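Treat the numbers as computed from the prediction; the structure is a model and nothing was measured. Below, chain A is the first sequence line, B the second, and so on; all start at residue 1.
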2 protein chains.
Amino acid sequence: MGRPREFDPDQALGQALEVFWRQGYEGASLTDLTEAMGITRPSLYATFGNKEELFRKALDRYESGVMGFMAEAMLRRPAREAVAGLLYGFADAQSGQDTPAGCLGVNGALACSEASDPVRQELARRRAAVEARLGDRLRAAPAGELPPGADPDDLARYVMAVAQGMAVQAKSGAGREALRRIVATALQAWPAG
Amino acid sequence: MGRPREFDPDQALGQALEVFWRQGYEGASLTDLTEAMGITRPSLYATFGNKEELFRKALDRYESGVMGFMAEAMLRRPAREAVAGLLYGFADAQSGQDTPAGCLGVNGALACSEASDPVRQELARRRAAVEARLGDRLRAAPAGELPPGADPDDLARYVMAVAQGMAVQAKSGAGREALRRIVATALQAWPAG
DNA sequence: CCAGAACCATACCACCCGGTACGAAACCGT
DNA sequence: ACGGTTTCGTACCGGGTGGTATGGTTCTGG
């Protein structure tokens, strides 16, 4: 019972995700968020808790939506195809025409003040989780699928570094074609293509 | 004539650089800056203009100091050695024990609010300048020094992406050894090593 | 020894931040 | 139609932001 809410929480969360994606965690003010979501401040707090919880929920949605391609890409074989699928997927996700440039996780990872340290640590944790998943995937690959003498964890770290570097460039204006060329060059480190 | 200032502007600028490096442009408040510099607000404004000009001066100092190794590294031959020198130099600069983790330029490049858009654009411009310099260096290399079929601009973009990716990881806690392994893996994309 | 100039320190400005108290409005069960 | 409950809208809170006005202090040139 009681007065029904006049907005769709899912759609509002989507708008919040876009604002966070474009402006980062600290760069997105409550005014920016509520205006984009079409919601008043108290409604935001009643529905999503506070700014940090709203960000975490937006992050969940980002991972399960925008980054949803990862699960499938990880399964590809041989291992080089999985890596290629991941990198090209990242490149496309960071350069979508209807989405902000760059990566939500990377954008929020660097700056700014130390007040948002919990958020930064959460983002670092999630990035580390992806890196670990990739390391597991590569470690499970049949002998011969990896570059000779390469360590799976080193490869995973390298792939993540390329992805994060692309995120920086995308945020600075690099287009999809430029990112895809980076991926193609990066894959040269993986012979037997 | 007049009362002499009681601080050394060069040393104060060095302290400001460290604060900007660690906390980013927006993350560094005037209180943080003045406390680290041992200076009052009006002294800062009288000596350096305003926060943005102070940041630009810190950036100049960063490029000529911390990034000073680039000029020498660019001259190495063959071209692969120049790239290796750059990447290992970046890795070390981003993981110094007495300096903040990560890269001043990358830290400020991503977040946060759009109020600091001029600063972001300036940083993007400087990064593009480095990329262009590297592209010129590679384009001038004798035939055969580059990977077969590789475009110099693509290579330059790739190298910058790896460097920026390392900056993200360094800011997230990656140590010097981890960064150096990324460089070693990245150089696998450049055969004939 | 004094006048003018430069610097230092305090205290303040308007503005924006994340977060909330409170009353009015809209709904449901009875 | 009415009481209870939930949401909405406004207006506000303390605190921090970048930036500055003002007055006292310390120096140099004459």
Main-chain N/O of T31(B) paired to T34(B) side chain as donor or acceptor, under 3.5 Å
yes

Between P on dC8(C) and CE on M37(B), what's the gap in Å once rounded to a whole number?
12 Å

Assign A115(A) to base, sugar-phosphate, or nothing according to its heavy-atom contacts below 4.0 angstrom with the strands shown.
nothing

Is there a donor-acceptor contact under 3.5 Å from the side chain of D154(A) to the main chain of D151(A)?
no

Classify the side-chain pair R127(B)/S172(A) by whether it contains a donor and acceptor separated by less than 3.5 Å.
yes

Quick one: L30(A) CG to dG14(D) P, roughly how many Å, whole number?
18 Å

Below 4.0 angstrom, N of the basic side chain to O of the carboxylate: do E122(A) and R125(A) qualify?
yes

Quick check on contacts: within residues 40-58 of chain B, what sits under 4.0 Å from DNA chain C by heavy-atom distance?
T40(B), P42(B), S43(B)

Give a yes or no on whether R137(B) atom CZ has more than 12 heavy-atom contacts from other residues, nucleotides or ligands under 6.0 Å away.
yes

Using whole Å, what does the distance between atom P of nucleotide dT17(D) and atom OH of Y25(B) come to?
14 Å

Closest to the R5(A) side chain: dC17(C), dG18(D), dT7(D)?
dT7(D)

Give the rounded distance in Å between these two atoms: CG of D32(A) and C1' of dG18(C).
13 Å

Are any side-chain N or O atoms of D153(A) and backbone N or O atoms of G135(A), one a donor and one an acceptor, separated by less than 3.5 Å?
no

Annotated protein contacts, base or backbone, on nucleotides 23-30 of chain C with a non-hydrogen cut-off under 4.0 Å, one of B, S, - each
--BBBB--

Salt-bridge criterion met for D136(B) and R133(B) (N-O under 4.0 Å):
no

Below 6.0 angstrom between ring centroids: does that apply to F69(A) and F90(A)?
yes

Using atom CD of E26(A) as one end and atom P of dG18(C) as the other, report the distance to the nearest whole Å.
9 Å

